[in-house]
Structure formats: structure tokens, C-alpha cells
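Following this message is one structure expressed as C-alpha cells.
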Amino acid sequence: MDTSSWDVVVVGAGVAGLAAARLLQDAGRRVVVLEARGRVGGRVHTDRSEGRVTDLGASWIHGVDGSAVAAAADAFGLPTVEFTVGGYQVDGRPIAYHAPDGRRMSDDEAARFAADVHTVDRTLAEVVAASGPSDSYRDVVERAVTAQGWDADRSARVLEHLEHRSEEQYGVAADELAAHGLDDDTIEGDEVVFPHGYDELPARLAEGLDVRLGHAVSVVTRSSDAVTVATDHGLFSAGAAVVTVPVGVLQAGVIRFEPPLPDPHRRALGALRMNAFEKVVLRFPQRFWDDDVYAVRQLGPAGAWWHSWYDLTRMDGEPTLLTFAAGPAAHAIRGWSAERVRDSVLGQLRRLYGDRVDDPTSVLVTAWQDDPWARGSYAHMLPGSTTADHDDLAEPIDGVLHLAGEATWTDDPATVAAAMYSGHRAAERVLGRAVPVERLWA
Ligand SMILES: Cc1cc2nc3c(=O)[nH]c(=O)nc-3n(C[C@H](O)[C@H](O)[C@H](O)COP(=O)(O)OP(=O)(O)OC[C@H]3O[C@@H](n4cnc5c(N)ncnc54)[C@H](O)[C@@H]3O)c2cc1C
């Protein structure tokens, strides 16, 4: 190995690493990307078995207005389909709501429920702003619901919805999420999904880069003017390194830093945690749910785990529902067989639709919690953390080492966009000057 031939070593070929590497190479730097897996994309990963396209990691661009991910997808000619339900919206797009007893709610009942959620949301913004440093999302949600003075049932439905929002948006129970943990939860414009697979995006970003697959990094050693990265295929040295592995990988000590990461970085790392969030994708021989809805939703205690099903039929015409095991449900199903998960989900669907629910023709269940190179789906803020912890993690270290990745971006963490912007920022810091993000798809 010629250890002197690189200007920058990038660790991780997810969207953050590929974005950084592409911008650095575009600026004339000699760049190598080291990736532990046998593929690029990281948590953007598409299954193409049996001729079907299923995104196992990210699905959505959560709002296309002003999004660099949307601009890149457009420029690369990647088809997208509008599907504006990714942010756990209560309405805005048609949703088939079912009451706690399983009965389909009328449009008026559903509209009253949605109005209640909007009312609490307005109070919630003020309660979050006034919250204490160690308050959880559950604390603020309870305060905001109690302030309405509603009866027990009406309060319970909205409380449930907001707890499920914490679980679906961040893969964590509301009492383990910081009060400010959903502050970034705004969506500008329509949301879209990728009928040909989200992985086309990292595949295009990786074109022309020197990506070394199957290179697991174990040690990152820095001096005042160089970084040496040890892998199971030897050493790589460069003037700078950009490390984009998920915070779960950093916390597990998979990579040893010599010298250790500075205290502010370790403190920020301790304020974040990888979540538990798994996808369950079921394909059916025929559609049994309502036409023209984006999702089916079950209110009440019966929907503690399985409460929302997203209609992905629009992707390829095959009747398909996506649901999530999120937070407590994801912990509970860890280690279950796909059949056991399927039966559990079908039990709920049959409660709503009876024997119209055929057995699915295909079931996919993800296991990001057990993925050694991810250790969860994305990071969330623990109670006691602040939104600035994300940015603190990305502060340059000794002028030669940069951390990047979704968890290092404050405005909209936990997304593909955050990964891309964090890679862009790392590239600018390595270069010591601004570069337009548009160079990614130029
Ligand atoms: C189930 C699920 C659903 C999601 N839904 C959405 C969504 O709808 N919309 C959205 O915007 N975002 C979504 N996300 C989040 C989004 O996928 C991530 O935020 C984003 O892809 C993270 O990119 P990254 O480059 O920061 O990290 P990663 O993609 O994880 O890239 C890091 C890379 O580092 C590699 N690596 C790890 N350890 C080592 C090592 N020791 N040596 C070498 N390489 C290593 C990993 O293999 C990986 O390829 C979802 C994620 C999951 C899992």
C-alpha cells in the first residue's frame, strides 16, 4: 500500500461519505473511500429479490422544496412518486381511520380527531419552548394534552398519536426522546419515494470514486498533519480523514481513535442514541383496504404496536402495505422470525378487515438493530441533550479529522438530506473554502 498517495481518506460509503468524497475529488483532491460492507449506500439500501423493488432503509425525501437530495435525484433522472405521509401527518392526505373498536371512522369523526391533534400541536410548541433541560417528549406532550381540559378518551387518543409520532419519527418511546427531539419535524413541500429504489442515489454519487468495499476500519490515528486509518486490508494515510460511520458504531468502540476523541465530542456522542426502528413490508394477492387512501390507521390500545399501514401500491401496482415496528415494538420483535412478525401484523389487519385479508405473498422484515455497521436505524436525542449536540460532533479535530453523517447535522438529522449536507460541510472544511452543493450532481 502506498500510504502517501491520498489527500483524504473517507470512512463509510453512505450518502455522507460519498457526498464528501465526490466534492473533494471534484476539487482535485485524491480521495479513497473505505467501506466495511460489500456495497455502497449504507442505510440507503434497496432489496431487488423476486423482481421486486423494496427500500429496506430510507424511503422518503421528507419535503422536496429546497432539498439537495431532491435536486440530486432530479439531476440524475431518478423517478420519484409523490407520497406525503412520511412525517406521521394526521391529515393533509386521505387516511382511513379506524376507531379503538376497529370500526371505520366517518370523515367527520376523523376530521374532529385531526383537529384535536392540531390544537394540541399549537400548545405543544409553547410547552416545548418552555421545557426544562431534562424533560422528555412524553413530559411535554402530557402537559400540552392536559392543558386542553378534555375528557379521558379524547385526551387518550391524542396522547397516543403523539407517542406514536415519537416512535415512528425517531424509533423511540416518547419518554426516551428529548423534549426538543422533534423540533426539526417540519416538511417543506411534498414528500416523494423512489419506485426504482433509493439506492440509485448513492450508486450515482459513487460513480468515478475509488471505493474500497469490504474494508472495515478499526483504528484512526491522527497527528498534527496526517491521519492513518487501519483496516483489515492494511493502512491508509492521508492529510485528512472524514469519518461518517453511524454514532452506534462510534459508541460501540468498533473504531479506536488514537488519541481518543476530544471531550466535547465524547460528550455530544453520549447525548445521542441509535434507535430501534424496523420496516415490515407485506405484499398481497389483492387489495382489501380502501381505495384512494395513503394510509390506514388504527386508534386505541389495540394499535399499541401496529397502528399505521402505508399503501405502497403506487410504487409498482402490486397491493403492498408498509408498517413499522418502532421503539418498544422494535425491541420486542428483535429475534422474531418473519412469519411471527407477519402473523402479529395480520392479526391486527384482520381485526379491521376480517377474512378479506388474504395471506401475503411476500413479507420483508428489516433488522437494522442487529446490523453491525449501523446498530440501529438513525440517532435520536436523549433527554438532557440539546439540538447543538449534533453540530458539536462535527467540530474539526486537530485540523485533520472530521466526523460527518446524519447524526452530525442539526437542522434535519436522521435523514438522507442530513447525511448529504454533513458530507458537504466536511468537504468544505477539508478544503478550507465554500463549494456549491450542486457540484455533487454537476
Ligand atoms: C429503516 C430506515 C428508514 C429510514 N427512513 C428514512 C426516510 O424515509 N427518509 C430519510 O431521509 N432518511 C431515512 N432513514 C435515515 C437515512 O437512511 C440515514 O439518515 C442516512 O442514510 C445516513 O447516511 P450516513 O451516510 O450518515 O450513514 P450510513 O448510510 O450508515 O453510512 C455509513 C457507512 O459507514 C460504514 N461503516 C460502518 N462502520 C464502518 C467501519 N468500521 N469501517 C468502514 N465502514 C464502516 C457503513 O457500512 C455505512 O455504509 C431511514 C433509515 C432506516 C434504517
Side-chain angles (χ1 to χ4, degrees), residues 9-21 33-45 54-63 67 69-70 83 85-88 168-171 187 191-194 198-199 201-202 205-206 211-220 229-233 236 242-250 252-256 274-281 310 322 324-326 330 364-369 371-380 394 403-409 412-423 426:
V9 176
V10 174
V11 180
V15 168
L18 294 172
V33 184
L34 306 174
E35 168 55 51
R37 301 178 196 271
R39 60 171 179 81
V40 301
R43 285 171 276 166
V44 176
H45 180 38
T54 312
D55 272 314
L56 302 177
S59 289
W60 275 274
I61 299 177
H62 291 305
S67 161
V69 176
F83 197 40
V85 288
Y88 208 63
E168 280 224 1
Q169 294 295 88
Y170 271 98
I187 290 172
E191 293 179 273
V192 298
V193 289
F194 291 79
Y198 216 145
D199 69 347
L201 177 73
L205 291 174
V211 181
R212 308 290 175 93
L213 299 177
H215 280 55
V217 169
S218 50
V219 189
V220 173
V229 173
T231 75
D232 46 357
H233 294 280
F236 292 77
V242 179
V243 175
T244 70
V245 304
V247 295
V249 172
L250 291 176
V254 174
I255 299 177
R256 194 174 80 245
M274 291 305 276
N275 67 8
F277 182 76
E278 306 296 354
K279 284 180 160 179
V280 183
V281 181
Y310 300 95
L322 162 68
F324 298 105
L364 284 173
V365 184
T366 63
W368 289 100
Q369 298 167 86
D371 182 321
W373 309 119
R375 295 171 186 257
S377 287
Y378 39 89
H380 68 85
L403 301 183
E406 53 89 7
T408 70
W409 191 257
D412 192 13
T415 62
V416 175
M420 184 177 274
Y421 293 130
S422 78

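Whatever order the structure lists them in is the order used to number ligands and atoms, beginning at 1.
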Sub-4.0 Å heavy-atom contact, L56 with ligand 1: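 True for this residue.
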Within-shell test, G86 vs ligand 1, heavy atom, strictly < 4.0 Å: no
For T244, the ligand 1 atoms whose distance to one of its heavy atoms is below 4.0 Å: 32 (C)
Ligand 1 N/O within reach of A419 N/O, cut-off under 3.5 Å: no
Nitrogen or oxygen of V416 less than 3.5 angstrom from that of ligand 1: yes
Any N or O of E35 closer than 3.5 Å to N or O of ligand 1: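 Among all N and O atoms of E35, at least one is under 3.5 Å from an N or O of ligand 1.
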T366 touching ligand 1 at heavy-atom level, < 4.0 angstrom: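 Distance cut 4.0 Å: T366 fails for ligand 1.
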Test of proximity, R37 against ligand 1: N or O pairs below 3.5 Å: yes
Distance-only N or O hit between ligand 1 and T415, under 3.5 Å: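 Between T415 and ligand 1, an N or O pair is found under 3.5 Å apart.
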Min N/O separation I255 to ligand 1 under 3.5 Å: no
Any N/O pair V254/ligand 1 closer than 3.5 Å: no
4.5 Å side-chain heavy-atom contact, L213 and V40: yes
Under 3.5 Å: N/O of S59 near N/O of ligand 1: yes
Check: A417 N/O within less than 3.5 Å of ligand 1 N/O: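 So ligand 1 has no N or O lying under 3.5 Å from an N or O of A417.
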Atoms of ligand 1, numbered as shown, that sit under 4.0 Å from any heavy atom of A216: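 Listed by number with element: 42 (N).
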Enumerated ligand 1 atoms positioned under 4.0 Å from heavy atoms of V249: 38 (N)
A407 heavy atom under 4.0 Å from ligand 1: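 Outside the 4.0 Å threshold, so no.
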Ligand 1 versus A418: contacting region, heavy-atom distance under 4.0 Å: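 Looking at A418 and ligand 1, no heavy atom falls under 4.0 Å.
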For atom 5 (N) of ligand 1, closest protein heavy-atom neighbour: A58 CA, 3.3 Å
Donor-acceptor side-chain pairing of H233 and R212 below 3.5 angstrom: no
H215, portion touching ligand 1 at heavy-atom distance under 4.0 Å: backbone
Residue of the set T366, T54, L56, V365 for which side-chain contact (heavy atoms from CB on, under 4.5 Å) holds with V281: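 When side-chain contact (heavy atoms from CB on, under 4.5 Å) is applied between V281 and each of T366, T54, L56, V365, only T54 qualifies.
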Parallel, tilted or perpendicular, as decided by the 30° and 60° cut-offs, for the rings of Y310 and F324: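 Rings of F324 and Y310: tilted, 30 to 60°.
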Within-cut-off N or O pair, W368 and ligand 1, under 3.5 Å: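 It does not: no N or O of W368 is found under 3.5 Å from an N or O of ligand 1.
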Non-hydrogen atom of G57 closer than 4.0 Å to ligand 1: yes
